[in-house]
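Have a look at the structure below, then the notes.
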Amino acid sequence: MKKKGRGMATIMFGFGYGEGFPDHSIASVEIEKNGKILIRTAAADVGQGVLTVITQIAAEVLKVDPDRFYIIQGDTHLTKNSGSTSATRQTYFTGNAVKEAAEELLAKIYHYASLEFRSNHPQLGVEDGKVFRHDDPENYLTYWQLAEIVEKKGERLYGEASFFPRTYAPDPETGQSERMYVAYTFLTQVAEVEVDTDTGLVEVLKVDSALDLGKAINPQNVEGQLEGGTVQGMGMALMEEQVIREGITLNPDLTGYLVPTALDSPRINSCLVENEDADGPFGAKGVGEPTTIAAAPAIANAIYDAIGVRFYELPITPEKIIRALKEKEKNAL
Amino acid sequence: MTGIVGSNFLKVDARDKVTGRAIYPDDIYFDDLLYVKVKRAPHPHAYLRKLDVSKAEELPGVVKVITATDYPDLNKFGLIIKDQPVLVGIGEKMRYLGDALAIVVAESREIATRALDLIRVEVEELEVISDPLRAMDDDAPAIHEDGNILITHYLDKGDVEKGFAGADIIVEREYRTQHIDQLPLQPEAGVGLYDEESGVIKLWVATQWLHDTQADIAQSLGLPREKVRIIQPAIGGAFGKREDISVHIHLALAAMATGRPVKLTYTREESMITQSKRHPMIIRAKTGATKDGYLTAWQVEVIGDAGAYASSSPAVVHKGMYHCTGPYNVENVRGVSHAVYTNNTYSGAMRGFGTTQMAFAYESQMDILAHELGLDPAQFRLQNAYQVGSLTPNGQVLSRSVNVRETIKKAIEMSDWKGVRVE
């Protein structure tokens, strides 16, 4: 028989290293002579999209086409420390560092342009990589023309910044700390499942997700994180286990170690709760890790709703479900 | 040119990845490239007594076999605690099946693989500790010199006794989670090249933290940091698994020893056995609530299986504990967490960093309480959830961006959840 159930989980995640551990990111933005703008960062893009996010941020600040940017990253000898791609921190930390570096650069653009235009900041505007006087917008300088002028003075159109917020180490006896993590991301998911009581198989039909993230710099990438994170959490709930007995892995391959595939993936509906109220760039918070956390408990709670059995050990495999249902039947007699 | 933030701007690496132009470490070739394979421990807990590599060295096509004897001054490595050996030496201990005994460098991957089988190893076996509860016994053999409990943390806010005394219902359960592999699509891989003139070792290899990995490699080899240059090719996923050292130091040694470019790519099996796992956790949770559905006290005990080496364990297990109440107001909280060494594949960072396991416990507790109190689980969550001004178990005041109640309300709407009124 197939039984449907529904379960909810709400989670929080404190991001950044926190606990007083030094945590910072350094980035720079520079107008190059070749019509390009160079961003330098050591932030690793492991597929999550940090390089896309910082390109969008710098383009927004400098009011210029994002295709103008190129990035030097991932070389110890050409970049400064950006911290790790972990702890859900890169959008927040490197995002803020790039934003501040771009703002520093923008201030220099205004400064040097004001000398050229014999004017002052309030009379100047920037748009589409050009700086001009509001009263004479046709008589503009492109950022790259300005960079050449500035270079003749022995200067550069360059901004560098770091983002280095403080947290405090917890008290060793009580774990109390005035500021443990820089900020918290929240997520609620409702999972709908169907349990086959003959085979023990669980099908996740649908997951509704509402994510409190401050601001989505790139909504599609956030949805990608939510979908990937949810499916990864599904693996934890239902099938993934590296079985280690007496120190020996019994299933060190993808035949014996099952992961969800596209065919197992449920319909995932995403709602991004955007209040732009966090201290990340444009009010953003990190989303990478939180997106995987709610799925396992939401599915476990949905299985309980479906068959009335509570599981205390993950993964909830078909074998465990069949065994539990038999026991339940026996106890009912 | 505004409105780029908030738009679905195409990922900057998308074109290269879908057209196959993106270069991953295993895609890098040199004409005189050599291939590296690593001889791993044959037993999860044992002293290395004899290591005979002579037959492997005699195999045609084998260029070099490196053991600890060749590099006696290597320092141990590790993210937080430097407890992991680059190569296990004679008389030293292997602590899990991923420990390296020898590095084979050969003209082809096949020859290097064949040479591994020609290496003869003799060990003195010790008791294998696979269960962290056994590791905590007084009579359990110490896996590391300072004992098996790697680190203990405490949490104490308010007065839990008072909190439980004021509860109408108390739910106490034990939860267990499993070893999980982060399973990035691309297994560990890299290419190394040593420039004798400058003394710089170039490594094309992935890491989640470029400069920290550089520093760890350099200290292990006893070199200044600028002598180790890491260049990141495209990274095929990570999820925490690329925080630890994998191929890096072995590649550096092979490059220095041969003076030729070298490549090391793990098999999936090697990746699963050798590199970090999500911590299995035993979580004992006790939660008290009033009959009208408000939480009064929460207590947890957490035991995390760190496996053979520390990796991120000194940060993961208690981060889980610090999240023990989930996003709910609880005045009285107490907790203790232990990270414990075993002879299992070591645990490290994986998406959620200890809080993923904890969420299974706290959200199960919440569900059980709601059902026992006869309350709708969504309503129960909603009325206990944080808002601006709430205090976390660490006593941090949440001063801004606390929209958890809004997420619950949205999820209720989206799923057409019955039985709860949203004002």
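Basis for what follows: all heavy atoms, side chains included, without hydrogens, waters or symmetry-related copies. Numbers restart at 1 for each chain; the letters A, B, ... are given by sequence-line order, proteins then strands.
For Tyr184(A) and Phe13(A), the gap between ring centers reaches or exceeds 6.0 Å. Proximity of the aromatic rings of His323(B) and Tyr181(A) is defined here by a centroid distance below 6.0 angstrom, and this criterion is met.
With hydrogens and angles ignored, the 3.5 Å screen pairs a side-chain donor or acceptor of Gln214(B) with a backbone N or O of Arg225(B). Not a single donor-acceptor pair under 3.5 Å links the side chain of Arg268(B) to the backbone N or O of Leu254(A).
With a threshold of 4.5 angstrom between heavy atoms, Arg278(B) approaches chain A through side-chain atoms but not through N, CA, C or O. Heavy-atom distances place no part of Tyr168(A) under 4.5 Å from chain B, backbone and side chain included. Proximity to chain A (any heavy atom under 4.5 Å) is shown, for Arg229(B), by both the backbone and the side chain. Contacts between Gln357(B) and chain A at a heavy-atom distance below 4.5 Å involve backbone atoms as well as side-chain atoms. Heavy-atom distances place no part of Val333(B) under 4.5 Å from chain A, backbone and side chain included. For chain A, the nearby parts of Lys11(B) are the backbone and the side chain; heavy atoms of each come within less than 4.5 Å. In this structure, the portion of His371(B) lying under 4.5 Å from any heavy atom of chain A is its side chain and not its backbone. For Leu10(B), the part lying under 4.5 angstrom from a heavy atom of chain A is the backbone only. With a threshold of 4.5 angstrom between heavy atoms, Lys17(B) approaches chain A through side-chain atoms but not through N, CA, C or O. Looking at Ala359(B), both its backbone and its side chain come within 4.5 Å of chain A, counting heavy atoms on both sides. In this structure, no portion of Leu213(A) lies under 4.5 Å from any heavy atom of chain B. Using a 4.5 Å cut-off between heavy atoms, Pro233(B) does not touch chain A at all. For Thr392(B), the part lying near chain A is the side chain, with the backbone staying farther off; criterion is any non-hydrogen pair under 4.5 Å. Interface remark: Glu270(B) contributes no atoms to any contact with chain A (heavy atom separation under 4.5 Å). For Pro327(B), the parts sitting under 4.5 Å from any heavy atom of chain A are the backbone and the side chain alike. Contacts between His45(B) and chain A at a heavy-atom distance below 4.5 Å are absent for every atom of the residue.
The nearest pair of heavy atoms linking Ala234(B) to Ala22(B) is CB-CB, 4.1 Å. Here the shortest heavy-atom pairing between Val5(B) and Lys215(A) reads CG1-CE, 4.0 Å. Minimum interatomic distance between Ala58(A) and Ile39(A) (heavy atoms only, all atoms of both residues): CB-CD1, 4.0 Å. Heavy atoms only, all atoms of each residue included: Tyr175(B) and Ile368(B) are closest at OH-CD1, 3.5 Å. Of all heavy-atom pairs between Asp181(B) and Met350(B), the closest is O-CE, 4.1 Å.
Heavy-atom contacts from other residues, nucleotides or ligands closer than 6.0 Å to CD of Glu178(A) number 12 or fewer.
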